[in-house]
Amino acid sequence: MAETAHRRFLELLGWQGAELEAFLPEWMNAAEFLRLSDADVAFAVDEWLPQYWDMSLEGTRKCIAAVIREAAALARTADYLAAGDAVIYATMPSSAVCVDANRVAGKGRVHVFYPYFIVATVWTAFFGRELDMQTTGSGMDPACQHCALNCLRADSEIKKMFPAPTVIWNWGLQCDEAPKTDEMLARLEGREWDNVLTIIPHDAPLGMDESEDDERVAYMAEEMRCSQRQASQRTGVDVTDADLRRALQEQLDYMSRLEKLTDLVMNADPMPMMGNDLALFTICLECCFDTGHGYLNDALDTAIRDVERRIAEGKGVLPKGAPKLACHFSPLNVPWIEKAFRDNGVNLTLGRMFPSAGQLVKCVRPGRDAYLSAASMCLEAPNNVNMLDEVRMTCEQLTKYPVDGALYGFFAFDRWIGALEKTMIREAEERTGIPHFYLEGDFWNGARFSMDRMSTIRSICSCLKISGISAG
C-alpha cells in the first residue's frame, strides 16, 4: 500500500521504467524526511495536484519533478556530511549566483541547499500542508507577524529536522528577520552557530538606479566577496572568478528560457498556461538547486513546446478576452488563490515581476570583475532596491505585456516589503494608468487567509470584467 502511493506519485510526474525503480527508494526516503505520510502522498496524487496544477502539461510535471529531485537531494544531507563533504544552507531571498558558485567550485564536494524554502514549497504547493500546522514548537507564531519561513527555521532546528550544515549563509538584503532568527537559535541551542551574513544598508536615495551606481555596486560586490571568503574558510573550497562566471552564465541561460516562456504566455490570448504553473518556473530566480539547472531547464524547454502547441491550437485556460491580472509575487505556496481568481473568470498571472534576461546580460560585460557583475545583477532585483527604483522596474514589466490590472499584498507580514507596497502601488498606478489592487495575506501561509478574502477576490474580478466591458 505504502509503495503503491509513492509509485503513483512518481508516475504522475513522469518517472517510468528503470528510472522509476531507481528513484523510488530515494523518494520514499525523502518523504520520510519531509514527514509525509502515505496518506499525504495519495492525497496529493488524487486531489491536490490535479486541482491546483495543470497536470496535462508535461512541462509542469517536469518542473514539479525537478523540485522533488532537489528535496530528495536535501534528504541526503547527513550522508554528504558523513562522507566529508561540505554543506551550505542559504536563506531566501539571496543572490543565487554567489551561492551556486560554491556548488560549481566544489565539483561534488560542496552541496548548497535552501532547506527551509524547499520544504515549505513542497509541503504547501504540492501536498496542501499549511505552515501554521508545522511551526508550533518554537514560540515564533506566524500570527504575530513573523515570517512563516523563519518560524519553520526555528521550529525545524528545535525538532532536529535538518543536520547542522558546515555553514549557513544568511542574506539580509530583503530579510532582516533571518539573521535575528539565527541569533535566537544560537542562544536557544547553546552552541556555536556557524553563520555568514551578507547585507547592505537601505540608504539609497529614492529613485536612484542602484544597479547603475558604481559606488553602490562596488559596495555590494565587496560584501559578496567578503562573505564568500568567510564561507570558503569553513568549506575548505575556494571559489574563483571563473567559478562565479560559470554560475552567472548558468543563471542567465535559465532566465533566458524563463523569459521566452513568460513572453509566450503573457502575449497569448487566450492564455495557454495557469498562473500557478508559470510562477513555479520562477523558483530559481533567487535561489539555486544543488541538483543544478539541468532538470529545470529541460522542464522549461518542454513547457515552451507545450505552450507553443496550445497557442497554435487556440487553446487557453480561460476563454479569449478574459482579464489578465499581473501578480507582484504569485503565491504558489497558497495555490488556491490563483484558482479562486480563475474560477471567477480572471487570469492571475506573470508570476514574478523580474527584470528581463536581456537587461541582466548587460550586467555581465566581457572583462568585468565577476563580483561586480553579480552585484549589478543583484541590484536589478526589484525588492533589493529603493522603492522608486522598484517602481521603475515594476512599471517596465506592466507595460511590456498586455495586462488589465496588478495585484499586491502577499507580504503584509514583512516589515520592509509589506510596509512599502501600499505606497509603491499608488506610484505605479499613476505612472502606468493600470488599476492596482491589494489583497492582504501571507505568501507562505494559506492559514492566514480568512474566508472574507474570497469576497475581495470576487470584487476584484468583477471590477476587472466591468472595466473590460467598458473598454470594449
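Every value quoted in this text rests on a predicted model; they were computed, and no experiment measured them.
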*Asks:* Side-chain donor-acceptor pairs under 3.5 Å in residues 65-73, sequence neighbours left out?
*Replies:*
{"from": "Arg69", "atom 1": "NH2", "to": "Glu19", "atom 2": "OE2", "distance (Å)": "2.9"}
{"from": "Glu70", "atom 1": "OE1", "to": "Asp290", "atom 2": "N", "distance (Å)": "3.1"}
{"from": "Glu70", "atom 1": "OE1", "to": "Thr291", "atom 2": "N", "distance (Å)": "3.0"}
{"from": "Glu70", "atom 1": "OE1", "to": "Thr291", "atom 2": "OG1", "distance (Å)": "2.7"}
{"from": "Glu70", "atom 1": "OE2", "to": "Asp290", "atom 2": "N", "distance (Å)": "2.8"}

*Asks:* State, yes or no, whether a side-chain contact exists between Met387 and Thr423 at a heavy-atom distance under 4.5 Å.
*Replies:*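 Yes, their side chains come closer than 4.5 Å.
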
*Asks:* Are Arg342 and Val317 side-chain neighbours, meaning at least one heavy-atom pair lies under 4.5 Å?
*Replies:*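 Heavy-atom side-chain distance check passes, below 4.5 Å.
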
*Asks:* Under a 4.5 Å cut-off applied to non-hydrogen side-chain atoms, are Leu350 and Val403 in contact?
*Replies:*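 Counting from C-beta outward, Leu350 and Val403 never come under 4.5 Å.
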
*Asks:* Could you give me the CA-CA distance, side-chain angles and deciding distance for Arg8 and Asp46, then say whether salt bridge (charged side-chain N to carboxylate O under 4.0 Å, His left out) is met?
*Replies:* CA-CA 10 Å; Arg8 289 173 58 226; Asp46 296 329; 2.3 Å; yes

*Asks:* Is the count of non-hydrogen atoms from other residues, nucleotides or ligands lying under 6.0 Å from Glu32 atom CD greater than 12?
*Replies:*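 No - once you tally the heavy atoms of other residues, nucleotides and ligands closer than 6.0 Å, there are 12 at most.
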
*Asks:* Out of curiosity, Phe117 CZ to Cys287 SG, how far, rounded to the nearest 0.5 Å?
*Replies:*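 Atom-to-atom, Phe117:CZ and Cys287:SG are 5.0 Å apart.
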
*Asks:* Is atom CZ of Phe127 surrounded by more than 12 heavy atoms (other residues, nucleotides or ligands) closer than 6.0 Å?
*Replies:*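 Yes, CZ of Phe127 has more than 12 neighbouring heavy atoms, counting only those of other groups under 6.0 Å.
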
*Asks:* Does Arg310 use its side chain to pair, donor to acceptor, with the backbone of Pro272 at less than 3.5 Å?
*Replies:*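 Yes: the side chain of Arg310 pairs with the backbone of Pro272.
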
*Asks:* Under a 3.5 Å threshold, yes or no: a donor from one side chain and an acceptor from the other, between Thr60 and Asp54?
*Replies:*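 Absent: no donor and acceptor within the cut-off.
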
*Asks:* Can you tell me how the ring of Trp48 sits relative to the ring of Tyr52, calling it parallel under 30°, perpendicular over 60° and tilted otherwise?
*Replies:*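 It falls in the tilted class, 30° to 60°.
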
*Asks:* What is the distance from atom CG of Leu407 to atom CG of Leu325, rounded to the nearest 0.5 Å?
*Replies:*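 Interatomic distance, Leu407 CG to Leu325 CG, rounded to 0.5 Å: 5.0 Å.
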
*Asks:* Looking only at heavy atoms, what is the nearest atom pair of Val99 and Ser94, with distance?
*Replies:*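 Heavy-atom minimum between the residues: CG2-OG, 4.4 Å.
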
*Asks:* To the closest 0.5 Å, what do you measure between SG (Cys288) and CD1 (Ile283)?
*Replies:*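 It is 11.5 Å, given to the nearest 0.5 Å.
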
*Asks:* Check this for me: does any side-chain nitrogen of one of Arg35 and Asp40 sit under 4.0 Å from a carboxylate oxygen of the other?
*Replies:*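 Result for this pair is no, no salt bridge flagged.
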
*Asks:* Answer yes or no: are there more than 12 heavy-atom neighbours, outside Glu313 itself, under 6.0 Å from its atom CD?
*Replies:*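 Result for CD/Glu313: enclosed.
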
*Asks:* Can you measure from CG (Asn297) to CZ (Phe281) and round to the nearest 0.5 angstrom?
*Replies:*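 One finds 11.0 Å between CG of Asn297 and CZ of Phe281.
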
*Asks:* Could you tell me whether Glu430 and Arg426 make a salt bridge, using a distance below 4.0 angstrom between a side-chain N and a carboxylate O?
*Replies:*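 No, this pair does not count.
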
*Asks:* Could you check whether Asp253 and His293, counting side-chain N and O atoms only, form a donor-acceptor pair closer than 3.5 Å?
*Replies:*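 Note: His293 and Asp253 side chains miss the donor-acceptor criterion.
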
*Asks:* Compare every heavy atom of Leu252 with every heavy atom of Met377, then report the nearest pair and how far apart it is.
*Replies:*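 The answer is CE-CD2, 4.3 Å.
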
*Asks:* What closest approach, in Å, do Tyr408 and Ala406 show between heavy atoms, and which atom pair accounts for it?
*Replies:*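 Minimum heavy-atom separation between Tyr408 and Ala406: CE1-CB, 3.8 Å.
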
*Asks:* Relative to each other, are the rings of Tyr89 and Phe162 parallel, tilted or perpendicular (30° and 60° limits)?
*Replies:*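 Rings of Tyr89 and Phe162: perpendicular, as their planes differ by over 60°.
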
*Asks:* How close do Glu250 and Arg103 get, counting heavy atoms only, and between which atoms?
*Replies:*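 Shortest heavy-atom contact: OE1-NH2, 2.8 Å.
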
*Asks:* Kindly indicate, with the supporting measurements, whether the criterion ring pair (Phe, Tyr, Trp, His ring centres under 6.0 Å) is fulfilled by Trp27 and Phe9.
*Replies:* CA-CA 10 Å; Trp27 162 243; Phe9 176 74; 4.9 Å; yes

*Asks:* Taking the basic N atoms (NZ, or NE/NH1/NH2) and the acidic carboxylate oxygens, is any pair closer than 4.0 Å for Asp263 and Lys400?
*Replies:*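 Yes.
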
*Asks:* Taking atom types as modelled and ignoring hydrogens, do the side chains of Trp169 and Thr198 form a donor-acceptor contact shorter than 3.5 angstrom?
*Replies:*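 The criterion, which ignores hydrogens and geometry beyond distance, is satisfied for Thr198 and Trp169.
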
*Asks:* Just wondering, do Met224 and Ser95 contact through their side chains at under 4.5 Å, heavy atoms?
*Replies:*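 Yes, close enough: below the 4.5 Å cut-off.
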
*Asks:* Is a side-chain donor-acceptor pair under 3.5 Å present for Thr349 with Asn347?
*Replies:*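 Their side chains do not contain a donor-acceptor pair, so the 3.5 Å distance test is not met.
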
*Asks:* Counting only N and O atoms by type, is there a donor-acceptor contact under 3.5 Å from the side chain of Gln251 to the main-chain atoms of Cys284?
*Replies:*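 Yes, the answer is positive, given that a donor and an acceptor are paired below the 3.5 Å cut-off.
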
*Asks:* Any Lys/Arg nitrogen of Arg7 or Glu21 sitting under 4.0 Å from an Asp/Glu carboxylate oxygen of the other?
*Replies:*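 Judged by the 4.0 Å cut-off on N to carboxylate O distance, Arg7 and Glu21 do form a salt bridge.
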
*Asks:* Out of curiosity, Trp53 CH2 to Leu12 CG, how far, rounded to the nearest 0.5 Å?
*Replies:*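 Answer for the CH2-CG pair, Trp53 versus Leu12, is 13.0 Å.
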
*Asks:* Where do Met393 and Ala381 come nearest, in terms of heavy atoms and distance?
*Replies:*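 Taking every non-hydrogen atom into account, SD-C, 4.1 Å.
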
*Asks:* Run through Met92, Met161, Arg153 and flag the one making a side-chain contact (heavy atoms from CB on, under 4.5 Å) with Tyr116.
*Replies:*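 Exactly one candidate clears the test, Arg153.
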
*Asks:* Would a distance-only check, ignoring hydrogens and angles, find a side-chain to backbone donor-acceptor pair under 3.5 Å from Ser373 to Cys363?
*Replies:*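 A pair under 3.5 Å: yes.
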
*Asks:* Got a second to check how far Ile88's CD1 is from Asn102's CG, nearest 0.5 Å?
*Replies:*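 Those atoms lie 3.5 Å apart.
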
*Asks:* Heavy atoms, side chains only, cut-off 4.5 Å: are Glu11 and Val45 in contact?
*Replies:*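 Not touching, per the 4.5 Å side-chain cut-off.
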
*Asks:* One thing to verify: whether Lys159 and Asp155 come together as a salt bridge, which I'm taking to mean a side-chain N less than 4.0 angstrom from a carboxylate O.
*Replies:*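 Judged by the 4.0 Å cut-off on N to carboxylate O distance, Asp155 and Lys159 do form a salt bridge.
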
*Asks:* Under the 3.5 angstrom rule, does the side chain of Arg257 hit a backbone N or O of Leu300 as a donor-acceptor pair?
*Replies:*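 Judged by distance alone, no pair lies under 3.5 Å.
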
*Asks:* Taking the side chain as C-beta and beyond, is there a heavy-atom pair between Glu308 and Lys260 under 4.5 Å?
*Replies:*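 The answer is yes; the side chains approach within 4.5 Å.
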
*Asks:* Are the side chain of Asn344 and the backbone N or O of Arg458 linked by a donor-acceptor pair below 3.5 Å?
*Replies:*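 No.
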
*Asks:* Per the side chain to side chain donor-acceptor pair (under 3.5 Å) rule, which among Asp306, Asp298, Asp301 passes with Lys62?
*Replies:*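 Single pass found, and it is Asp298.
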
*Asks:* Can you give me the closest heavy-atom contact between Pro163 and Leu81, atom names plus distance?
*Replies:*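 In this case the closest contact between Pro163 and Leu81 is CB-CD1, 3.9 Å.
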
*Asks:* Quick check on side-chain contact (heavy atoms from CB on, under 4.5 Å): which of Val385, Asn386, Asp209 does Arg392 satisfy it with?
*Replies:*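 Only match with Arg392 under side-chain contact (heavy atoms from CB on, under 4.5 Å): Asp209.
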
*Asks:* Could you tell me whether the side chain of Glu338 and the main chain of Gly275 form a donor-acceptor pair under 3.5 Å?
*Replies:*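 Yes; judged by distance alone, with no hydrogens or angles, the pair exists.
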
*Asks:* Set out, in order, the CA-CA distance, both residues' side-chain angles and the distance that settles side chain to side chain donor-acceptor pair (under 3.5 Å) for Gln397 and His328, then state yes or no.
*Replies:* CA-CA 10 Å; Gln397 289 296 301; His328 189 238; over 6 Å; no

*Asks:* Would you mind reporting whether Val391 and Arg431 have side-chain heavy atoms less than 4.5 Å apart?
*Replies:*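 Yes, their side chains come closer than 4.5 Å.
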
